[in-house]
A.B. asks: 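Pasting a structure below so you can have a look.
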Amino acid sequence: MTMGKSDQDAASNASNDNDAQTAVADATEAPPSSENADSETKTDAVAAGEEAKDEASNAGAGASDSNAGKEEKEATENAEHDHDNEAEPTYPPSKDVTLEDVWNPRNLTWDELEMHLYEWEEEAASVNEYLDMRVIEKMRNGGHDDWDEDSEDEEEEEEKPKGWMSRFKEKAAHYDDGRRTKVEFKKGPTHYLNLTDDAAHVVEFYAPWCPHCQHYKWDYVEVAAEVTRRSISPVQFHAVSCDVYFHICRTYEISGYPLILGWKQGESKAVRGIEMNAEDDIEPDMVGEMLGLDMAHEEVELFDWDIEDEEAKEKIMKKLTEQGHKAAAKMLSWHEHEPHTHNDRYHNAALSLAFAVKSQLFQTLTADGKLEPKRKRALVDFLNLLEWATPQSWKLRTSLIKELQWKMDANAVKDRGAVESLIDGDMNRHRSVGTEDLWGFVDASERGWTGKVFGQPQEQLAKDDKHWTKTCTHSQPAKGFTCGLWNLFHILTIGSSKPEHEMYGFHRGYFVSPHHVAETVRNFVAYFFSCDVCRTNFLGMYDNCGHDHCNRLTSEITMGPTDGSDPVRMELALWLWEVHNSVNARLMKEAALRQNREVTHEETVASKFPTKKMCPDCWLDANMTKWDNATVFRFIDDWYWPNDEPADEQFKSVIAGKAELEEEMPIGVDGGFRRETVKSSMFPSSRLGMGFASLFCLIAFSLLVVATAQQKRRERRKKFVDSRFVKKKQGCF
């Protein structure tokens, strides 16, 4: 039988009355939780029952009103349901699938996965779920943090009276400037963040059961992916589950979720980081600004100010003009920074090389957990280039670079920790001799005035070894990496143009032509430059024959004049110099567009290196659009190559062989050497090369004789064994 609408309303009202009566009965007749329950508990229970009865009667009285708006309510609920479906968080992981079906790179259990938001989906890999396996193992064993007990015991001890100096120091140790508080670590190592100092860090503190944290997850992942894609400076994004690491969250005074803290590169984690979402959700540009990151920017379009007031418009244009003047002056000050020494450039180059290798070598692995072959090949080729195209006086060439070559050839580099150990070991050996030169220096005679009468303390120098100098950072620590990398590339193009280094590399068996050097640099950028935007721009330029390198850079070895007048030898260094200046001009233009203005001529001129002040003869016109190749090359050579370059015995022997070869070459009318081009794959036609060829033939012939003798011996033994086997077999029958 079908119930009518009025019957349904009556039934609904009766049901509400019954519910109210039941609620009153439960509230008034419920026994107290203990025998010592007081009368206030009973009174509260009766009051709660009466409130439930009133609510039920109100619901019955308004039944007709609710029915009248039933359709509108259902529509609203459906809309909210659709909205929830669109932003539905993927938490917790479904138990319908097995552990093998989720990402789970660190083999957590289901219960452990349910306490984390970012660990079980590969799409969230741009955020590193903070995992301390010491805490995880204690959880698995049903244990607890013993450090907490120790700290509580210490707190229970009676404190001794403190003097005024102790009280002053204790007060100063807990400073607060409004948003950053000194964190006092009284407990164990698992009670604070264990993060590296060589990168900036953004950390989200969350609770996995928090609905807003679940919905905010993909917004945080999107910001992390965008910042990582555009950031030239090293930056890492993390997420900390306060259900697991509640001691860490208590240490950093986390009182609500989600809370995002940021630490600049090199900042101590003993200081509570910058609170980044105090007012609003974080954005990529805001992250870069707050942490001082060197962010790559993509070109934007100008928009119309749409201002009718002429006076206001004039003020805006005046402000934009001042911004252009400031940008130009800033770039000029960067180019003309003093002091600027060879040791600075080589130290910055060494740091950028070390950071690129340790941060990117294990960025992607094969299915069986090994190094990606193309990435490994790119690094091996680049290390070989560093061996023959860098100054003999650069200690890094015979220490870290050589050690990396050996380890890579032997497949002995298994993870990032192994790379970091090599780098730290080389820095420690450099510092152990008590030198005042920074790690990666090239010229000991070039040490400048440090401002210290008795020199720099070794502890401070050990810290400086791990930081780029102000000639690269300009007091912005996150901006050193790209500057050092450009220094390294310029050093290589100058070194590869020098005949003695070219011959040394050739005798070592490497490809030494300008084209092969450019290809090696290109492949290194492809696999070891972490900034996606910068990498894409450089590869797009190179792969499309940017600055006509396809025609300018030869694949042959040229033995021409060595005084810097040979245009073929200069071409590679000049090509990279043009590329660098074009990048500076593009960045200057993009910065102007972000301020909604056109780049000025003053800014375009200021972006070019060297400036008129640094090299007046390099430029042939006032607008700096034309230059003299030979003068520019000599300036770059002096800027990036040390004045004194002592050579080892192997290098000297190769150069001696080259000198004998040059003595046999006829001299042209102009007094210069006759140009001879040799394909990179051909064996050198010098006396030393002929000696190597003869030795190779002798060794090959000896190996052939030995192999033939061994083959004959094996054949005789086989015949002997076979004959014995046949005789025994015949005897069985």
Side-chain angles (χ1 to χ4, degrees), residues 165-166 168-170 172-175 180 182-186 188-189 192-201 233-234 236 263-273 291-292 337 339-355 357-359 394-396 398-400 403 416-481 483-484 487:
M165 180 61 72
S166 299
F168 177 79
K169 290 182 178 180
E170 183 178 358
H174 295 81
Y175 65 86
R180 299 167 69 84
K182 186 76 175 285
V183 179
E184 184 182 7
F185 297 132
K186 294 182 178 180
Y192 57 92
L193 290 173
N194 183 20
L195 303 175
T196 62
D197 291 332
D198 57 359
H201 296 278
S233 311
Q236 297 176 8
W263 283 267
K264 295 181 180 180
Q265 181 178 352
E267 276 191 335
S268 171
K269 307 310 175 291
V271 176
R272 190 175 189 265
L291 298 185
H337 184 278
H340 209 308
T341 66
H342 288 110
N343 283 341
D344 280 339
R345 297 177 200 114
Y346 279 79
H347 167 71
N348 294 326
L351 278 180
S352 294
L353 171 66
F355 178 78
V357 174
K358 73 178 180 181
S359 64
W394 198 24
K395 302 298 182 183
L396 200 76
T398 55
S399 56
L400 178 63
E403 194 169 6
R416 173 168 174 158
V419 180
E420 291 179 344
S421 297
L422 290 176
I423 296 170
D424 292 341
D426 195 66
M427 286 185 175
N428 293 335
R429 285 192 296 271
H430 168 76
R431 189 54 49 208
S432 64
V433 299
T435 179
E436 291 190 22
D437 294 304
L438 292 179
W439 179 71
F441 81 103
V442 70
D443 189 354
S445 65
E446 200 180 50
R447 187 181 302 128
W449 169 246
T450 61
K452 300 285 185 180
V453 177
F454 300 104
Q456 291 275 23
Q458 289 297 313
E459 293 79 6
Q460 182 59 43
L461 288 171
K463 295 180 180 179
D464 294 341
D465 283 339
K466 299 181 179 181
H467 295 90
W468 289 274
T469 65
K470 289 185 178 181
T471 57
C472 260
T473 63
H474 308 288
S475 299
Q476 302 178 43
K479 293 184 178 293
F481 174 65
C483 171
N487 284 341

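Bear in mind the structure is a predicted one, so any value in this text is a computation, not a measurement. The chain is numbered in sequence order, starting from 1.
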A.B. asks: Could you report the tightest heavy-atom contact between Ala350 and Trp394, atom names first, then the distance?
C.D. replies: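 Of all heavy-atom pairs spanning Ala350 and Trp394, the closest is CB-CZ2, 4.0 Å.
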A.B. asks: With a 3.5 Å distance limit and no angle check, can you tell me whether Asn348 reaches the backbone of Thr469 through a side-chain donor-acceptor pair?
C.D. replies: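 Yes, the answer is positive, given that a donor and an acceptor are paired below the 3.5 Å cut-off.
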A.B. asks: Keeping the roles fixed (side chain from Gln458, backbone from Glu436), state whether a donor-acceptor pair exists under 3.5 Å.
C.D. replies: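 Checked: no pair found.
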A.B. asks: Heavy atoms, side chains only, cut-off 4.5 Å: are Arg416 and Ser359 in contact?
C.D. replies: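 The answer is yes; the side chains approach within 4.5 Å.
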A.B. asks: Is any side-chain heavy atom of Gln236 closer than 4.5 Å to one of Thr196?
C.D. replies: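 In contact.
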A.B. asks: Hey, could you give me the OG1/CZ distance between Thr473 and Phe481, rounded to the nearest 0.5 Å?
C.D. replies: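 Here the interatomic distance stands at 15.0 Å.
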A.B. asks: Is Lys358 atom NZ crowded by more than 12 heavy atoms from other residues, nucleotides or ligands, each under 6.0 Å away?
C.D. replies: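 Buried by this count: over 12 neighbours within 6.0 Å.
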A.B. asks: Roughly how far apart are Phe441 CZ and Thr435 OG1, rounded to 0.5 Å?
C.D. replies: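 Result: 5.5 Å between the selected atoms.
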A.B. asks: Are any of the side-chain nitrogens in Lys466 or Asp197 under 4.0 Å away from the carboxylate oxygens of its partner?
C.D. replies: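 The answer is no: the pair does not qualify as a salt bridge.
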A.B. asks: When you measure from the side chain of Arg345 to the backbone N and O of His340, does any donor-acceptor pair fall under 3.5 Å?
C.D. replies: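 Side chain of Arg345 to backbone of His340, a donor-acceptor pair under 3.5 Å: yes, one is there.
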A.B. asks: Who are the ring pair (Phe, Tyr, Trp, His ring centres under 6.0 Å) partners of His201, not counting sequence neighbours?
C.D. replies: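 His238.
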A.B. asks: For residues Val442 and Tyr346, report the shortest heavy-atom separation together with the two atoms involved.
C.D. replies: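 Looks like CG1-CD1, 3.6 Å.
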A.B. asks: Any idea which heavy atoms bring Asp465 and Met427 closest together, and the distance?
C.D. replies: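 Closest approach of Asp465 to Met427: O-CE, 3.7 Å.
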A.B. asks: Under a plain distance cut-off of 3.5 Å, with no hydrogens placed, do Asn343 and Thr341 share a side-chain donor-acceptor pair?
C.D. replies: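 Judged by distance alone, the side chains do not pair up.
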A.B. asks: Shortest non-hydrogen contact from Cys472 to Gly484?
C.D. replies: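 Smallest interatomic distance, heavy atoms only, reads SG-N, 3.7 Å.
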A.B. asks: Roughly how far apart are Leu438 CG and Leu351 CG, rounded to 0.5 Å?
C.D. replies: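 If I round to the nearest 0.5 Å, the distance is 8.5 Å.
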A.B. asks: Can you find a heavy atom in the side chain of Trp439 that is under 4.5 Å from one in the side chain of Leu400?
C.D. replies: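 They are in side-chain contact.
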A.B. asks: How far apart are the closest heavy atoms of Gly480 and Ser352, and which atoms are they?
C.D. replies: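 Answer, listing the atom of Gly480 first, then Ser352: O-OG, 3.8 Å.
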A.B. asks: Atom CZ of Arg429 and atom NZ of Lys395: how far apart are they, to the nearest 0.5 Å?
C.D. replies: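 Taking CZ in Arg429 and NZ in Lys395, the distance rounds to 13.5 Å.
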A.B. asks: Looking at Asp426 and Leu422, would you say the former's side chain and the latter's main chain have a donor-acceptor pair under 3.5 Å?
C.D. replies: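 Not confirmed, Asp426 side chain does not pair with Leu422 backbone.
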A.B. asks: Restricting to non-hydrogen atoms, name the atom on Asp198 and the atom on Pro234 that form the minimum distance, rounded to 0.1 Å.
C.D. replies: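 Distance-wise, the nearest heavy atoms are O-CG, 3.3 Å.
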A.B. asks: Can you tell me how far apart CG (Leu396) and NE2 (His347) are? Round to the nearest 0.5 Å.
C.D. replies: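 So the CG of Leu396 and the NE2 of His347 are separated by 11.0 Å.
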